[in-house]
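This report concerns only the one structure given below.
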Amino acid sequence: MNGMIVVVVAAVVLAAGYLLYGRWLAKTWGIDRAALTPAKRMKDGKNFSPASCFTAFSHQFSSICGAGPVTGTITALMFGWLPVLLWVLVGGIFFGAVHDFGALYASVKNNGKSLAQLIEKYIGRTGRKLFLLFSWLFTIIVIAAFVDMVAGTFQATFDAQGAVDVAKSYAGGTAGTISILFTFVAILFGWINRRFGLSGWKELSLAVVLLVAMFAIGMQFPIYLDKFGWFAVILVYLLFAAAMPIQTLKQPRDYLTSIMMIVMIVCAVIGVFVLGASGNATMSAPMVADFSALATGGSYVFPLLFVSVACGALSGFHSLVSTNTSSKQISKEQDMVPVGYGAMILESFVGVLAIVVAAIMFTQLNTSGALGAAVGTPFQIFSQGVARGMMAFGIDGTLATVFMTMCVSALALTSVDAVARIGRLSVQEFFAKGNDAAEDAAAENTGVAKVLSNTWVATVLTLALGLALAFGGYLNIWPLFGASNQLLGGMTMITLAVFCKCTGRKGFMLYVPVAFLLVCTFTSLVQSTIGCINALSSSGAAVIATSGLQLVFAILLMILGAIVAYNCLKELFTKEAGSLPDEEPEWTQMGRVEFGKGNAGEAASAAPAPADASASKTAHSHA
């Protein structure tokens, strides 16, 4: 099969899904074009910060499109490229995009509440506490998997004498240098934009100039570190990225990253077309693998295929991004469709590109029947494949390889800094009194709770556990990540079903995804638990430590997931339709001054939200 044909067909299917199903969903639930969003009404200069549609889309897309659509699809190629492709297309349109848009929609309609706060409102306080524990454990797993993959991509190769093999290490070392520069350049870019009010072509031009400068410097000064050295560098970055105000680093970094992602997607598509036109884009990977042979080795198509291809089809992590950060940047309700539904559709297309590129490279890179660590990380496989296509239309091979290595690493880093932030917020929100925002916890609590809810302590605790789990390697963590990720997606879907029922909206399109995800994820978690128990029989202390930690996580995730799912399902069947309408709008002082002039009546009658960064939102809670 020519990969060019697959890309064209997939693009048409995904575009049709966005234009038809996505818009139908928005029309069914209702979009108020005249409404002032929480980002404006509750602006606080820290978390609530209204952004343009493209900036909000950039944040959502760059945060959700991390390692998942590349790693999951390439790992799942053991089942053949056709089953993976079908799940990406069907899952992306009817599962993932609905999930992402629904979480964003529910949060915007409820004064920017996080998913945990939505669960307390519609399910109950116990459900919220258990969900926050689940969410925190999940973010630790994501940090472990992504940090290991990025560090493995950047790490230098050393020869027998301990000297750096420059030929093999140059691309990773250069990408590492650019990643370090990226942090400082993003802060500078954000400051210049705020200081001089840049937008449109001026903002884009500055971004392009800074990106080109970063690449030029990075290619001249590569940094060569071993894997553990990069562990340390990445964790220091995450420490500050998770704690800094969102407009200081996260928003500008997301904008810059999105430009790189768009260029990457365009280059990948052009490369596949050029190779296809010359007859060099044949997908040599099996269309459908021998499922019975794989099952003999313990790799069952159900549930492994559906939990491995996480972010390309559906990812529960996206709901945390949608409700914790993106909902606080939406300037107009109509922006929710491209930001929530559209970003997921584009991520599914990245998953399609990963399938096609890896399937084309299959014969060259692989002799064992499945692409994996033996031929490099999925990042490296994808980077090499797209770089080959870029070389076909005249791009220098070294430049192409460095650019692609940086792009896929930037994807993961942008996701993992969002995850670290959400993990920190989960800890703080767990200790918050009432249905309040996370940052209120440290000010309200005393003793141990006050210490643990401190921004820096919560961040360090989350990152330390993520590092401990990372030593097990991403291939060992990935099944656990996939299962817990999809279980989080199932719990989000149940919460959205309860939200729809309580607010009088139609929610029937959520029922099939809920049932499928719960069955699939609990099956996978049971299998992961059994695998960890079997691994504990190994005599290696490192294996026992990492497998034991994974076993603890798997058991905790199953227990917490089962309890939360039970409570959600119980509320779904017992809540009365239309019993909890959308919340009344709340305002901060900053929001009232900046956006309340043309809405004096609404601003005067609305409940005030405290003027601190996150604004406690208890005044109109129906919990």
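None of these values were measured; they are calculated from a predicted model. Positions are given from 1 along the sequence.
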Yes or no on side chain to side chain contact (heavy atoms under 4.5 Å, CB included) for Val352 and Thr73, after CA distance, side-chain angles and deciding distance? CA-CA 8 Å; Val352 171; Thr73 52; over 6 Å; no

Could you tell me if the side chain of Ser63 sits less than 4.5 Å from the side chain of His318, heavy atoms only? no

ring-ring contact (aromatic ring centres under 6.0 Å, His included) partner of Phe231, the single match among Phe471, Tyr237, Phe154: Phe471

Sub-3.5 Å donor-acceptor pair from the side chain of Ser284 to the main-chain atoms of Ala359, do we have one? yes

Do Tyr224 and Trp230 have their ring centres less than 6.0 Å from each other? no

Presence of salt bridge, Asp417 and Arg421, under 4.0 angstrom: no

Side-chain touch Phe382/Met264, heavy atoms, less than 4.5 angstrom: yes

Do Asp254 and Ser62 pair up side chain to side chain, a donor and an acceptor below 3.5 Å, judged on atom types alone? yes

Using modelled atom types and a 3.5 Å cut-off, is there a donor and acceptor pairing between side-chain atoms of Ser348 and backbone atoms of Gly312? yes

Taking Thr75 for the side chain and Gly72 for the main chain, is one N or O donor matched with an acceptor at less than 3.5 Å? no

Interatomic spacing from CG in Leu488 to OG in Ser319 - rounded to 0.5 Å: 4.5 Å

Smallest separation among heavy atoms of Val356 and Val6, with atom names: CG2-CG1, 3.8 Å

Considering all heavy atoms of both residues, which atom of Ala76 and which atom of Leu305 are nearest to each other, and what is their separation? CB-CD1, 3.9 Å

Step by step, would you call Leu206 with Phe189 a side chain to side chain contact (heavy atoms under 4.5 Å, CB included)? CA-CA 8 Å; Leu206 176 62; Phe189 176 65; 3.7 Å; yes

Within the side chain of Thr248, is there an N or O that forms a donor-acceptor pair under 3.5 Å with the backbone of Met244? no

Verify the neighbour count for atom CZ of Phe221: are there more than 12 heavy atoms of other residues, nucleotides or ligands below 6.0 Å? no

Got more than 12 heavy atoms from elsewhere within 6.0 Å of CZ, Phe54? yes

Do you know which two heavy atoms are closest between Ser107 and Thr323, and how far apart they sit? OG-O, 3.6 Å

Checking Gln155 against Asp226 for the side chain to side chain donor-acceptor pair (under 3.5 Å) test, could you report, in this order, the C-alpha distance in whole Å, the side-chain angles of both residues, the deciding distance, and whether it holds? CA-CA 5 Å; Gln155 69 176 337; Asp226 61 15; over 6 Å; no

Is any side-chain heavy atom of Thr401 less than 4.5 Å from a side-chain heavy atom of Ser383? no

Considering residues, nucleotides and ligands other than Phe302, do more than 12 of their heavy atoms fall under 6.0 Å from its CZ? yes

Determine whether a donor-acceptor pair (N or O, by modelled atom type, separation under 3.5 Å) exists between the side chain of Thr37 and the backbone of Ile330. yes

Heavy-atom distance under 4.5 Å between the side chains of Leu413 and Ser179, does that happen here? yes

Interatomic spacing from CG in Asn324 to CD1 in Ile422 - rounded to 0.5 Å: 5.0 Å

Here the gap from Phe79 atom CZ to Ser299 atom OG, rounded to the nearest 0.5 Å, amounts to 5.5 Å

Can Leu346 and Cys65 be said to form a side chain to side chain contact (heavy atoms under 4.5 Å, CB included), step by step? CA-CA 9 Å; Leu346 186 57; Cys65 190; over 6 Å; no

Considering all heavy atoms, the nearest Ala39-Lys328 contact: CB-O, 3.2 Å

Shortest non-hydrogen contact from Ala207 toward Ile259: CB-CD1, 3.5 Å

Strictly distance-based, threshold 3.5 Å: is any side-chain N or O of Ser169 a donor or acceptor partner for the main-chain N or O of Asp165? yes

What is the ring orientation for Tyr18 with Tyr341, classed by angle as parallel under 30°, tilted 30 to 60°, or perpendicular over 60°? tilted

For the CD1 atom of Ile180 and the CD1 atom of Ile223, what is their distance to the nearest 0.5 Å? 3.5 Å

Donor-acceptor pair, distance only, cut-off 3.5 Å: does the side chain of Gln486 make one with the backbone of Leu314? yes

Compare all side-chain heavy atoms of Ile360 with those of Thr282 and state whether any distance is below 4.5 angstrom. no

With heavy-atom distances below 4.5 Å as the criterion, would you say the side chains of Thr325 and Leu320 are in contact? no

Option from Met219, Met391, Met390, Met404 for which side-chain contact (heavy atoms from CB on, under 4.5 Å) with Leu399 holds: Met219

Measure the spacing between CD1 of Ile187 and CD1 of Ile192 and express it to the nearest 0.5 Å. 12.0 Å

Is a donor from one side chain sitting under 3.5 angstrom from an acceptor on the other, for Gln60 and Ser326? yes

Residue pair Phe349 / Ile265: nearest heavy atoms and the distance that separates them: CE2-CG2, 3.8 Å

Establish, from distance only, whether the side-chain atoms of Thr177 and Thr174 form a donor-acceptor pair under 3.5 Å. no

Mark yes or no for whether Arg424, through its side chain, and Ala242, through its backbone, hold a donor-acceptor pair below 3.5 Å. yes

Nearest 0.5 Å, please: how far is CE in Met260 from CD1 in Ile178? 7.5 Å

Side chain to side chain contact (heavy atoms under 4.5 Å, CB included) between His59 and Val321: does it pass, once the steps are laid out? CA-CA 9 Å; His59 166 74; Val321 176; 4.0 Å; yes

Between the side chain of Ser331 and the main-chain N/O of Ala51, is any donor-acceptor distance below 3.5 Å? yes

Would you indicate whether the side-chain heavy atoms of Leu304 and Ser524 approach each other to under 4.5 Å? no

Asn485 side chain to Phe317 main-chain N or O, any donor-acceptor pair under 3.5 Å? yes

Check the orientation of Phe306 and Phe516. Use parallel for under 30°, tilted for 30 to 60°, and perpendicular for over 60°. perpendicular

Can you tell which of Phe101, Phe94, Phe95 makes a ring-ring contact (aromatic ring centres under 6.0 Å, His included) with Tyr21? Phe94

Any non-hydrogen side-chain atom of Met261 less than 4.5 Å from a side-chain atom of Cys407? yes

